[in-house]
There are 2 protein chains.
Amino acid sequence: MVQSGGSVTLSDVAREAGVSVATASRALNGSSRTVRPDLSARVAAAARRLDYAPNAQAQAMARGATTMVGLIVHDIADPYFSAIAAGVSRAADDAGLLVMLSNTLGRPEQELRYLKALRAQRGRAAILVGSQRTDRDHSAAVSSEVAAFEHAGGRVVAISQARLPVDTIVIENAAGAGALARKLAEMGHSRFGVLAGPSDLLTARDRHRGFQRGAVDAGCAPPIAVHGAFTRDGGHSAMAQLLDSGCQIDCVFAVNDVMAVGAIAACRDRGLQLPKDLAIAGFDDIATLRDITPSLTTVRLPLTELGKQAMELVTAPPGTAPKRSRVKGTVVIRDSTPAHR
Amino acid sequence: MVQSGGSVTLSDVAREAGVSVATASRALNGSSRTVRPDLSARVAAAARRLDYAPNAQAQAMARGATTMVGLIVHDIADPYFSAIAAGVSRAADDAGLLVMLSNTLGRPEQELRYLKALRAQRGRAAILVGSQRTDRDHSAAVSSEVAAFEHAGGRVVAISQARLPVDTIVIENAAGAGALARKLAEMGHSRFGVLAGPSDLLTARDRHRGFQRGAVDAGCAPPIAVHGAFTRDGGHSAMAQLLDSGCQIDCVFAVNDVMAVGAIAACRDRGLQLPKDLAIAGFDDIATLRDITPSLTTVRLPLTELGKQAMELVTAPPGTAPKRSRVKGTVVIRDSTPAHR
DNA sequence: CTGTTAGCGCATTCAC
DNA sequence: GTGAATGCGCTAACAG
């Protein structure tokens, strides 16, 4: 049972079972051809006895297809991405696929690198999660690498903006933020501030613009915007800056929940009473953040579900033109934005 | 430049460059043998022109080694695991390795399945993250699969308890919880409750026992324990149960931060004023949770760093006996546990 | 229904 | 320093 060096191979199993490798192969993987039950049983027994595990590389090479999908995210430690990753992972499991995780840390060149690595792996598909950048050159570079990947027979789907020529789950950031702005205006808020995130991230930009448009449409003054990193600390310092500016505002929209949390902390640091002195809203509805105080008004995105949908697109037969499905967030009003006046 | 069907192969590149496949191979991967500069340049140019990406499966087969490491976690959506995953991912990146992510959702059989899949992939290593179970049968089954994986040439490291015969980063849960208990006792708390998590998870059990021992050592009565799931909702319902029991307690220890957050919510539901009416502490120091109110006393674990360390163990030359490194958490006192009396 | 054989793409002996 | 040939483990024709 114990082998000397490397691994047990199919021919070891075949020899042990007294059949040919072809028969062993057919018995173990269930090919189109059928194998006599007794032989099949003998092979299975031999495989078990030897603790045989097929060499996936060899199978991939012989079959010309792997069972691997790549998941490319900005930062797996960010709950936005880890929630999506959980959905992808679960769905992959159900489909019998393996997930290769790649963290780009937001660096464009990493994205290209991973895409190429995935092509080298002959991955069956790649799921690109996260905001595109305003930089068109970068989008073009990704498009080109994506084309190469697809040319090699892989499928690609993106979760973000409809900027790549691939199946995409488009998140309607502008619409969601707009709906939030209108709702807040309706609740009596009128002087808005926006913690706008990095100006080169489409997601941040769209949410900012959508909110701005919604506010203006509702008859409010254009919100005062402060940019900053798309993180807790980014929200903290943007909020501090906004507070320092001395502008009169009654409600702040952070372009994601994580920033909103930083903003809340910044307000506390200044001794502000929330939500009495200032209303704050976020975007995403991160599960881990649902218990902060005051509970956060936000735009809910079905993150885990998005991951699942992405896997479905990836396993579906490829169409001729890129499919686009749209996901609109739903506004969730909580304690952080009480009715005003 | 555009190929008809599948992918560009090395022999395509060789032909394009007017050299043999052997030379092309040597030029592109830098083998021990050296290639004349001009030829090397020609090969590189041809590869670029054709947008060649080596077939990793074929390379793996020829070389007998892959560049893939498996990361097996309970739930990537849980910030505890995603923080570790981020560390692993970053370190893998630096080492030029690829990460295969596996979510077991806490199901033991999934762990075995993934380990086997990883063996099939001829993964270079597996990193097992997450509590072992009290069930010895399961540990034995994992040990056996781990042995098979190692026998096939893979390295295994665990982050949890020293229960598997592999390199392990042991988290000193009992010691950390004990230190926390002593500190809290010192601060004047004496009647403790514990939200103890699932009784079959070693991590939960060790933290519970460690806390209990620490409390008793400090001269307090044994804490009153309530079990529940290792999640936010588990913490919520365990806390509710504790409150319903009518026991007199002044401080509650939840065996992880996520549960502590649930507990805080449960207290709020009952109209309790925190931290005035009740002190609450957690374990882990989850980054996303650092801004909740009241800020949470906890035992900090260097999660991202753990991931990095695990990768280092995995890439280090294998020793004869399993290495064990120990990580002790550091007690962090915050607002949720004010001095008592 | 089973066995023999020819690749899959690449790294690596071995000759030159 | 280069090229031709072998084999990694497996699947899928192809014969029998």
Side-chain angles (χ1 to χ4, degrees), chain A residues 3 5-44 46-47 50-67 117 119-124 152-153, chain B residues 3 5-44 46-47 50-67 117 119-124 152-153:
Chain A
Q3 289 294 112
S7 316
V8 180
T9 75
L10 186 59
S11 69
D12 293 331
V13 175
R15 192 175 328 110
E16 173 85 7
V19 298
S20 72
V21 287
T23 299
S25 171
R26 295 193 268 251
L28 255 23
N29 82 359
S31 80
S32 58
R33 327 203 41 86
T34 165
V35 174
R36 210 181 346 136
D38 59 321
L39 281 190
S40 185
R42 246 163 60 201
V43 172
L50 265 31
D51 198 11
Y52 168 72
N55 183 323
Q57 328 287 336
Q59 289 186 314
M61 208 152 76
R63 294 209 256 245
T66 67
T67 93
R119 177 150 63 100
Q121 293 292 335
R122 299 300 185 263
R124 180 178 296 199
Chain B
Q3 289 295 114
S7 315
V8 180
T9 75
L10 186 58
S11 70
D12 293 331
V13 175
R15 191 175 328 111
E16 174 84 8
V19 299
S20 71
V21 285
T23 299
S25 171
R26 296 193 266 250
L28 288 176
N29 81 359
S31 80
S32 57
R33 323 200 47 84
T34 166
V35 174
R36 215 187 335 140
D38 59 321
L39 280 192
S40 186
R42 247 164 58 199
V43 172
L50 264 31
D51 197 11
Y52 168 72
N55 183 324
Q57 328 287 337
Q59 288 185 315
M61 209 153 79
R63 291 208 256 245
T66 66
T67 104
R119 177 151 62 100
Q121 293 291 335
R122 298 302 184 262
R124 179 178 296 199

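Note that the coordinates shown come from a computational prediction; the quantities given were computed from them, not determined experimentally.
Closest to the side chain of B:S20, from the set C:dT2, C:dC10, D:dA4, is D:dA4. Listed nucleotides D:dG1, C:dC1, C:dG9 differ in distance to B:T34; the shortest reach to its side chain belongs to D:dG1. Checked against C:dG9, C:dT2, D:dG3, the side chain of B:A58 finds its nearest nucleotide in C:dG9.
In this entry the distance linking CD of B:Q57 with P of C:dC10 reads 11 Å, nearest Å. Remark: P of D:dT11 and CE of B:M61 are 11 Å apart, rounded to the nearest angstrom. Counting to the nearest Å, the C1' atom of D:dC10 and the CD atom of A:Q59 are 7 Å from each other. One atom, CZ of A:R63, and another, P of C:dG9, lie 16 Å apart when rounded to the nearest Å. Protein atom CZ of B:R15 is 14 Å distant from nucleotide atom P of D:dG3, rounded to whole Å. For the pair B:R42 CZ and D:dG3 C1', the computed distance is 14 Å after rounding to whole Å. If you take CG of A:N29 and P of D:dT11, they are 5 Å apart, rounded to a whole angstrom. Going from atom CZ of B:R33 over to atom P of C:dA11 covers 15 Å, rounded to whole Å.
Side chain of B:S40 to backbone of B:V35: no donor-acceptor contact under 3.5 angstrom is found.
We find the CZ-OG1 distance between B:R122 and B:T67 to be 15.5 Å, quoted to the nearest 0.5 Å. Atom OG in B:S7 sits 10.5 Å away from atom CG in B:D51 (nearest 0.5 Å). Distance check: B:R119 CZ to A:N55 CG gives 11.5 Å after rounding to the nearest 0.5 Å. Here the straight-line distance linking atom CG of A:L28 with atom OG1 of A:T23 works out to 11.0 Å at 0.5 Å rounding. Going from atom CE of A:M61 over to atom CE of B:M61 covers 2.5 Å, rounded to the nearest 0.5 Å. Here the straight-line distance linking atom CD of A:Q121 with atom OG1 of A:T66 works out to 8.0 Å at 0.5 Å rounding.
Near DNA chain D, meaning a heavy atom under 4.0 Å away, the residues from residues 21-28 of chain B are B:A22, B:T23, B:R26.
Residues B:A62 and B:V35 both approach DNA chain D. Their nearest nucleotides, taken by heavy-atom distance, put B:V35 toward the 5′ side.
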Q: Verify side-chain contact (heavy atoms from CB on, under 4.5 Å) between A:V8 and A:V13, making sure each step is shown before the conclusion.
A: CA-CA 8 Å; A:V8 180; A:V13 175; 4.2 Å; yes
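Minimum heavy-atom separation, B:G18 to B:R42: O-NH2, 3.6 Å.
Each end of the helix from C:dC1-D:dG16 to C:dC16-D:dG1 gets its own rotation axis from five pairs of C1' atoms, and the angle between them is 40° to the nearest 10 degrees.
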